[in-house]
Structure formats: C-alpha cells, structure tokens
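Following: one structure in structure tokens, then a few remarks.
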Amino acid sequence: MKAKTYTFGICLLLLLTTACKNDKKPISLINTDEEITKFFKSQLNDCIQYLEAIKGTNQITINTEFYKKARLKFKAIEPILAAIDKNNYKSLNAPNILQVQEEDFTDVKIRNPFGFQVIEELLFGPEADSLALYNTISLTKNRLKLIHKNAQINLKDHHLIWLFRNQIVRTATTGITGFDSPVLGQSLLECQTTYQTLIDLTEILRPKFNSNQLYTALIDSFKNSILALDHDFESFDRYGFIKNNTDKQLELLVKVQKDWQVEFPFEMAISNDATALFGSNTLNVFNFSDYKSDTLNLKEKQFLGKQLFNDKMLSKNYQMACATCHIKDKAFTDGKKTFDKNQTRNTPTLTYAAYQQSFFMDGRSGSLEGQIVGVANNHNEFNLPMDSIVNRILKTQHYQVKLDSLYKGKRMEYNVRHAIASYIRTLNSFDSKFDKNITGLEDTLTEDEISGFNLFMGKAACATCHFAPLFNGTVPPDYKDTEMELIGVPEQNDTINAVISSDLGRYNMFKTQERKHFFKTPTVRNIEKTAPYMHNGVYTTLEQVVDFYNRGGGQGIGINEEYQTLPFDNLQLTKKEQAAIVAFMKTLTDSE
C-alpha cells in the first residue's frame, strides 16, 4: 500500500512539473458554464433594477443616471445575450423605427419597437411622453426578466470562439460608429463595457488555456482596447483602433482556437480563420447563399457562368446580355442615369452583390439565383422566361456538354441560374487601396483619406447604414439582415423645396404604407466608378451625395416623410470634412 501511495505521489509530482514546464495550467474543476451564467444573471438583474428606478419624465437628472447605468449593464451582457439569444438581443437593441415584416400579402406585421434605444429617445428627445416611456420601460424590463428566468447557458468551445469573434467585430463595425447610442452618444464608453465583459469571460475560461502567454496576451489586448476607447467620439481614431486592436484580437483568437484544439461544425458569415476585419477571406461568401453545398467543380461553374453572363442569347431579341447593363470597367454598372427610356432605376454595381440577403433595389428577391429570374421575366430586360432561355442554351453544344458534366442533374433551369450566380459571387476582390493599407500591405493613405474614413465611421454617421467592411446595409456580425432605408431622395437635383422621387420602392411589393420610398442600402465600394448615384441617378458626383446627407437627407431639402430613417437633421460637416469623406470613398476602388 505504501509503495502504491509513493508511486502515485511521484506520478502526480511529475505531472505537475511537466505542466509548469510546458506553460500549462493544471486542470481545474470550475464549471465555466455555471460561472458565465452567474455573471450573466447578475448583470441582467442589475440592469432590471436600474430600469425599475426610472420614474416618469419629470426627474431628468435622476432618470439619466439610472438609464445610463441600466444601459451599461445591458452592454455588459451584450456579448453573451447576442450569442445565446439573437432575436431578443436584436429586439432589445432595436432603433426607434417601426419594425415591418413582409412575408406575403396575407402576412404583413408592423410592430412598434421597444428596448434601450427607444427609451433613450423618449427620455432625452425634444418631446416628453410619460405614458410611452412607461410602457416601453415596462416592455423592456419584462423581456429582460423573462430572459433572466429562462437563461440556460451551455456553450461549447466553438460557441465561445464565435462569441468573442462576433463581439470584436460588432465593436469595430457598429459599436464605435454610434449605431446604437442615438441621443447620448456614449458608444465608446459602452464599447469599453463590452470589452470588460470579454476580460471577465476570459478569466472565467482560464482553465481552457494551455498557454499562459496566450491567455495573458488576450487579456492585455482587451485592456489596451479599453484604454484606446477612453476618448471623445468625434476625434477618435477608428482607423488606428481597427489596425491595432481589432485585427490583433482576431489574430489572437485564431491562436486560441488552436490552443484549445477547437473543431468547428461549420462556418458562419465570418470565417473561422479570420485574422483581419478587411481581409480578403474574412467573410464566407457561401454563408450568404441558399446553395451553400453546391461547390463541386466551382471554378469551372464560375467560368461557365461568366460565359453565360456575357451571352446575348439569354434575351428575347438577342441584343442584351447581363454584361450589357453591368459593364466590368464601370464596376459592373453602365454609367447612365437609367439604362434606357424603359428603365426607371439606375443600374446597381454587381461587385460585392453576393454579400446581401436581398436583391434588387426594393429587395424583392432573396438570392442571386432568384434575381436572375426577375431579369429574365422583365419585359424591359431579357423578356424571355427561364424555360425558353434554357432551351436556347441546350441547343448550343458546348453549353450542353458543360452543364451535363458539371451538374449531372436534370434541374437545368436551376443549373443555369446557379452558374451565373456563382460567377457574380467572384466579383469581390477586397484589394482596394484602403484594404491594402488597413491590412498593412501598404502605407500610402493620405491624412485626408484616413480622416475621411474616421468621419465616415463617426461624426458623419455613414457607417450606421453602410457597415464596414462591406460598406453596404447587411448588418454585422451575423449578416442575416440587409437593411432598407427611407432617406428622401429627390426627383431632381434640388437643394430647397425638393419633391421626393416618384418611385415608391419597397411599397410596390406589398402596398405597405409604412414602406413607401424605402430602398435597399447599397455598397459604397467602387463608388468612384458607379456614378450617377441613388436609385434614380439624381446625383452625378460624390460631392453632391455628401452634401445631400450633410443637409439631413430629404428633410434638409424640404422633403418631409414621416418614416425617414436618417437619424439627424444635419451633420454639420465642414467643406474640408466633406472633401475628406469623398477622398476616403475613392480609396475603396478595387485594383482588379
């Protein structure tokens, strides 16, 4: 018995010694899920208590402090809540804009928003409404109580990596832009709070780390971000923050998943190996498609799609191909206000079109494949139904051979659409001057160009609709929704007493009154090559576009629409600042 005890002691000593030498922490019995749940519920309970302390609109000073504390507690749980309950997180953090869901003509839902942004505007807006404030607080805290009651946190290692990565990207793409602090403008302070949560979570997860050095580096990086965010909103260097904080943390996360030996069951919108926000492989383009599994012989399918894209055989009169309106040298636009007298809308770029959840300017299609059907059926475009297009294609021997060999299936209509869509999904190089600089491949940006990016992401509020790194309306970090906006685009280039464009946009789909003049938010990438601008091509220069926004959109030029979604009356940008924003946008032109 003594010999066995002695042998066991020696083995234990050797085990501990080896662990220390290999920079490893001994195995812990801590239940990390229980610790995370305890932290989550504690912060959530404090949040509820602070909301309950808000009493009417006649105690502004006291209510302001209670709201700020409640909001910071909500931001403290943001990384966790967004990971375990995306729908409730989205509702609680929704902007003060009517929520419209349109499934079909028989199922249109219109809901008033609630949550923290709505409370913020009711508390500190120009018109006090005690009843609306009370009702919104009540709805919000009741939802929080329900979450508290039902919270069951069970996060596997890959869930934890996704949680960290999403929060790092969320901070860089919406947090530092002021996206969800519309009145108080305390977004940088809120970002500090979420980073403190990442520190707290990392400390809870300490037993998972094999490397002390990596654990310390991650903690230090989060602390450095908190220090960097201790800054005023307008002069904050977002360019430097992304280069020196966001990207370094994404690199560290890749090392962490190797240290933990994480195996991912699949890949979401952000690549599991993403190491830079603006990296060419950061976003997983197939996550934006309904046809994720059809990647066999993809290069050949893309080449076939390119051939079809350029073939006028697809149109009824053999005079129009996709490339007729989408010209490569113009970033796949046509440079015209509208293509011809039969068209009512400006031709949008196809570059980065793959990274959306809806297509056409009114969002009437849910996929690139579906968009192709729309073009085929349009009397003013191909004017030839898909079955007729397929019949023509199959009469061409080299097309028939390729389709048979690449797809080996009888769904020829789908196969044709998939090939063209697969080609369009390649039109995203992420190799602009800006991309090369922010990822460290070049050092050629001017001070004005960097200033323009910081203004775009901050004071000018451009990035609260055009989200980096895509600079379109698909909302990071989940990229599940592509936003539509009513900004009040005029019929003519007028700066006073303007009349709104006659195009009703999204309204034409379901006749929803609350969606009149709503259009999808397009990408700003390659914008230097895609003039004229807006859905009707009303502006011919970027300077005119920036001036329109600086005035406050439609409201600033005499167009008063109840549901306009722009958050400010005007931006108060100087001429120099406007010029800097234009200079930045021109750096988003792809090299290829």
Look up atom [atom1] in [X] and atom [atom2] in [Y], then write down how far apart they are to the nearest 0.5 Å.
X      : Y      : atom1 : atom2 : result
Leu51  : Ile119 : CG    : CD1   : 5.0 Å
Tyr563 : Lys516 : OH    : NZ    : 10.5 Å
Phe288 : Gln357 : CZ    : CD    : 6.5 Å
Leu504 : Met509 : CG    : CE    : 13.5 Å
Phe179 : Thr177 : CZ    : OG1   : 7.0 Å

Under 6.0 Å from the [atom1] atom of [X], do we count more than 12 heavy atoms belonging to anything else shown?
X      : atom1 : answer
Lys109 : NZ    : yes
Asn377 : CG    : yes
Lys145 : NZ    : yes
Lys41  : NZ    : yes

Test your reading of the model: is there a side-chain donor-acceptor pair from [X] to the backbone of [Y], 3.5 Å cut-off?
X      : Y      : result
Thr439 : Asp435 : yes
Asn454 : Arg238 : yes
Arg506 : Arg515 : no
Thr282 : Ala274 : no
Asn526 : Asp590 : yes
Thr333 : His326 : no
Glu120 : Leu184 : yes
Asn428 : Arg425 : yes

Taking the side chain as everything from C-beta on, heavy atoms only, tell me whether [X] gets closer than 4.5 Å to [Y].
X      : Y      : value
Tyr533 : Pro522 : no
Val256 : Ile161 : yes
Asp481 : Thr474 : no
Ile36  : Leu201 : yes
Ile527 : Thr530 : yes
Gln101 : Val108 : no

What about the rings of [X] and [Y], do their centers lie closer together than 6.0 Å?
X      : Y      : answer
Phe471 : Phe456 : yes
Phe430 : Tyr355 : yes
Phe241 : Phe236 : yes

For Phe164, all residues meeting ring pair (Phe, Tyr, Trp, His ring centres under 6.0 Å), sequence neighbours excluded: none
Taking [X] first and then [Y], would you say they form a salt bridge - that is, a charged N and a carboxylate O separated by under 4.0 Å?
X      : Y      : value
Lys38  : Glu35  : yes
Asp362 : Lys520 : no
Arg345 : Asp503 : yes

Walk me through it: do Arg165 and Glu251 pass the test salt bridge (charged side-chain N to carboxylate O under 4.0 Å, His left out)? CA-CA 10 Å; Arg165 182 177 289 120; Glu251 289 178 8; over 6 Å; no
Would Arg417 and Glu413 count as a salt bridge (charged side-chain N to carboxylate O under 4.0 Å, His left out) here? Give the steps. CA-CA 6 Å; Arg417 290 188 286 118; Glu413 180 185 321; 3.7 Å; yes
Identify whether NZ of Lys or CZ of Arg in [X] sits under 6.0 Å from the centre of the six-membered ring of [Y] and within 45° of that ring's axis.
X      : Y      : result
Arg364 : Phe360 : yes
Lys306 : Tyr423 : no
Lys301 : Tyr407 : yes

Take the angle between the ring planes of Phe434 and Phe584 and call it parallel below 30°, perpendicular above 60°, tilted in between. perpendicular
Mind checking whether His158 and Trp162 have parallel, tilted or perpendicular rings, split at 30° and 60°? perpendicular
So if I apply the salt bridge (Lys or Arg N to Asp or Glu O under 4.0 Å) rule between Asp180 and each of Lys90, Arg170, Lys75, which one comes out positive? Lys75
